[in-house]
Amino acid sequence: MQSKIMYIELKSDGLQGEGRIGLVKLSKSGNTLYYKDRVFQKAKGMPLKANYFDESTLEDFWISSPRKDGNDSLFSSTVNIDEDVRIEYWERIRKLPKLTQSNTYKSSGKTKAEREKIEKGLRRRQMDNAWMPS
C-alpha cells in the first residue's frame with residue numbers, strides 16, 4: 001500500500017472544519033484511504049465540500065495533497081501537523097526547513113472569489129437535491 005502526506009479536513013459542520021497534515025495510506029484504486037484508525041471512502045458525484053467520508057461515522061472530509069503555499073483550507077484556520085510527518089512536510093513540501101520545529105501553521109484559506117464560487121455551487125446542489133423526487 002502506498003503512503004502519502006495529505007491534507008485532511010473534517011467537513012461535517014459545513015464548509016469550515018478542523019484541518020491537519022498526516023500520513024495517509026492509499027488503496028490501489030485510490031477509492032479507499034486509511035488514516036490512523038479511520039477508513040475513508042471516495043464520495044460519489046461532484047464533490048463541493050467533501051470528497052471522502054468516514055466509513056464508520058459517515059462524517060464528510062476533504063482530503064487532498066497539501067499545497068506548497070500552505071493555503072489548504074477553504075477559510076482561514078490553524079492546521080495541525082502530525083509529528084511523524086512534520087520534518088518531511090516542512091522540508092520537502094513547503095521548502096521551509098527553518099520551520100521544522102513547528103507543529104501548526106495558519107492557513108489563510110482561499111480567496112474571496114474562490115470561496116464564493118464554491119459556496120454558490122454548494123447552494124445550487126442543495127437546491128437541486130431539495131427538488132429531487134424521493
### Message
Using the side chain to side chain donor-acceptor pair (under 3.5 Å) criterion, which residues pair with T78? Sequence neighbours excluded.
### Response
none

### Message
Let me confirm one number: the CD1-CD distance from I87 to Q101, rounded to the nearest 0.5 Å.
### Response
7.0 Å

### Query
Given the rule that I, L, V, M, F, W and Y join up when any side-chain heavy atoms are under 4.5 Å apart, are V24 and L10 in one cluster?
yes

### Message
According to side chain to side chain donor-acceptor pair (under 3.5 Å), who are the partners of D82, at least two apart in sequence or on a separate chain?
### Response
R20, Y35

### Query
Roughly how far, to the nearest 0.5 Å, is the CD1 atom of I93 from the CG atom of D69?
12.5 Å

### W62 and S73, any side-chain heavy atoms less than 4.5 Å apart
no

### Message
If hydrophobic clusters are built from ILVMFWY residues whose side chains come within less than 4.5 Å, do Y34 and Y7 share one?
### Response
no

### Summary
Rounded to the nearest 0.5 angstrom, the CG-CD distance for N80 and E18 is 6.5 Å

### Task
Show which residues join F53 in its hydrophobic cluster (side-chain heavy-atom contacts under 4.5 Å, direct or indirect), or state none.
L58

## Note on the structure
Taken in chain and number order and not counting sequence neighbours, the residues that satisfy side chain to side chain contact (heavy atoms under 4.5 Å, CB included) with I63 are M6, I8, L33, F40, N51, Y52, F61

### Summary
Hits for side chain to side chain donor-acceptor pair (under 3.5 Å) against R92, two or more places apart or cross-chain, chain-then-number order -> E88

### Query
Where does the angle between the aromatic ring planes of W90 and Y105 fall among parallel (under 30°), tilted (30 to 60°) and perpendicular (over 60°)?
perpendicular

### Task
Please name all residues satisfying side chain to side chain donor-acceptor pair (under 3.5 Å) with R86, sequence neighbours left out, ordered by chain then number.
E83

### Query
How many angstroms lie between OH in Y89 and CG in N103, if you round to the nearest 0.5 Å?
12.5 Å

### Query
D72 side chain to P66 main-chain N or O, any donor-acceptor pair under 3.5 Å?
no

### Query
Under 3.5 Å, is there a donor-acceptor pair between the side chain of S107 and the main chain of S77?
no

